[in-house]
Amino acid sequence: MKKITLVEVGPRDGFQNVEEYIPREIKMIIIDGLIEAGVRRLQLTSFVSPKAVPQMKDAHELVRATIAEHADQDLELFALVPNLYGAKAAADAGLREVSTVISVSERHNLANVKQTVAQSLQGLAAIRRELPELAVTLDLATTFSCPFAGETPIEDVLSLMKAGSELGIRRFSLCDTIGTATPGQVRDTVKAVRAEFPEVLLDIHIHDTRNMGTACTLAAVESGITNVQAALGGLGGCPFAPGASGNVATEDVVYMLERMGYETCIDFARLLAVSKYQKTVVQGNYSGHQVNIGEDCAG
Ligand code: ZN
């Protein structure tokens, strides 16, 4: 049986698109529920300016409280950081791991963080230099396509990974930022990336705009990726890609993989219960799967 690590990103990628502030207590009930359902790797929040993303103003307290509450459990908790300042804040809150984003597409990077890719790489170098103990995953936004430049050439993905590798990055997320990848494209990209960088850890991060989230995720898994990112309920969107959907829903991915003989170590019934709870307390953009049926369909 092949083991897949489910990487829950809803508390960051999902919540960041919810306009109304979700009280920290509610966020923590959802995070605790995910952990109780068996999730071991979680992106908790992002350390960004509270002016830019007011939803994340509680990042420090949320991280500290989650670490304290689950100190006896073997969890991999991390947060998104946009720069060195954010990385320091994350480390200060007690995290030993962060992720940071650079877009493969120059135009998307400029729109997203108002920096060229080269400038973003300098920022990454600063994080590595100042915080050498902090594990950093590099999220490669627009790995498959860019809302401005169209389909992303695989060579561009490889060259950004090369630059990241030279800064000591050993883990990368292949991100379908606007959710327009196809399973064939995912297969081709993963194959090329694994051939060029056989030693790096890879995550797949798919948005579900065209309802191909599970198909693209499966294509990545069948191409050898074992770390699958997803968001509870498919909650989300993208502030720089109007109309884009949230991530593929965690429960859809878990259902598919478990039924196909992969081992996720997630309790599906408990996961659905947390998803139902989230939908009652967090108003947002959810992808269209059902939480009301299938409780006893997957183990
Ligand atoms: Zn995303």
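What you see is a predicted model, and the numbers here were worked out from it, not measured in a lab.
- One side chain, K27 or Q55, offers a donor N or O that lies under 3.5 Å from an acceptor on the other.
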L271 vs L232, side-chain contact (heavy atoms from CB on, under 4.5 Å): CA-CA, chis, key distance, verdict: CA-CA 8 Å; L271 189 68; L232 189 67; 3.9 Å; yes
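- Remark: the R171 side chain and the N227 side chain contain an N/O donor-acceptor pair separated by less than 3.5 Å.
- Residue V281 is grouped with residue V274 when hydrophobic side chains (ILVMFWY) are merged at heavy-atom distances under 4.5 angstrom, including chains of intermediate members.
- No side-chain donor from either of D176 and T143 sits under 3.5 Å from a side-chain acceptor of the other.
- In Y85, the OH atom is not crowded: 12 or fewer heavy atoms of neighbouring residues, nucleotides or ligands sit closer than 6.0 Å.
- Remark: K3 fails to qualify as a cation-pi partner of Y262 under the 6.0 Å distance and 45° angle criteria applied to the six-membered ring.
- L235 and V9 fall into different hydrophobic clusters, where Ile, Leu, Val, Met, Phe, Trp and Tyr side chains are chained together by heavy-atom contacts under 4.5 Å.
- Residues E151 and S145 bring no donor and acceptor atom of their side chains to less than 3.5 Å of each other.
- Counted within 6.0 Å of CD on E19, heavy atoms from surrounding residues, nucleotides or ligands total 12 or fewer; the atom is thus considered open.
- At a threshold of 4.0 Å, the pair K88-E130 counts as salt-bridged, since one of the basic side-chain nitrogens sits closer than that to a carboxylate oxygen.
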- request: Assess whether salt bridge (charged side-chain N to carboxylate O under 4.0 Å, His left out) is satisfied between E155 and K162, documenting all intermediate values.
  value: CA-CA 10 Å; E155 306 78 65; K162 184 166 180 288; over 6 Å; no
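- With hydrophobic clusters built from ILVMFWY side chains whose heavy atoms lie under 4.5 angstrom apart, V136 does not share a cluster with V101.
- Listed by chain and number, the residues in a side chain to side chain donor-acceptor pair (under 3.5 Å) with N83 amount to none (sequence neighbours excluded).
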query: side-chain contact (heavy atoms from CB on, under 4.5 Å) between S105 and D156: does it pass, once the steps are laid out?
result: CA-CA 8 Å; S105 159; D156 294 0; over 6 Å; no
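- Looking at R107, its side chain does come within 3.5 Å of a backbone N or O of F148 through a donor-acceptor pair.
- More than 12 non-hydrogen atoms from other residues, nucleotides or ligands lie less than 6.0 angstrom from CD of E199.
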- prompt: Are H205 and N247 close enough, and set up right, to give a side-chain hydrogen bond (donor to acceptor under 3.5 Å, both in side chains), and what steps lead you there?
  reply: CA-CA 7 Å; H205 177 106; N247 294 89; 3.0 Å; yes
- request: Let me see the working for L80 and Q43 under side-chain contact (heavy atoms from CB on, under 4.5 Å), right down to the final yes or no.
  value: CA-CA 7 Å; L80 184 72; Q43 190 176 46; 3.6 Å; yes
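- Using a distance-only test at 3.5 Å, with no hydrogens or angles considered, a donor-acceptor pair links the side chain of R270 to the main chain of E36.
- With hydrogens and angles ignored, the 3.5 Å screen pairs a side-chain donor or acceptor of Q119 with a backbone N or O of T116.
- No hydrogens or angles considered: a donor-acceptor pair under 3.5 Å links the side chains of S173 and Q229.
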task: List the steps and the verdict of side-chain contact (heavy atoms from CB on, under 4.5 Å) for L77 and R40.
output: CA-CA 8 Å; L77 305 174; R40 286 293 164 269; over 6 Å; no
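- Within 6.0 Å of CZ on R194 lie no more than 12 heavy atoms contributed by other residues, nucleotides or ligands.
- Between the side chain of N109 and the main chain of Q115, a donor-acceptor pair closer than 3.5 Å is present.
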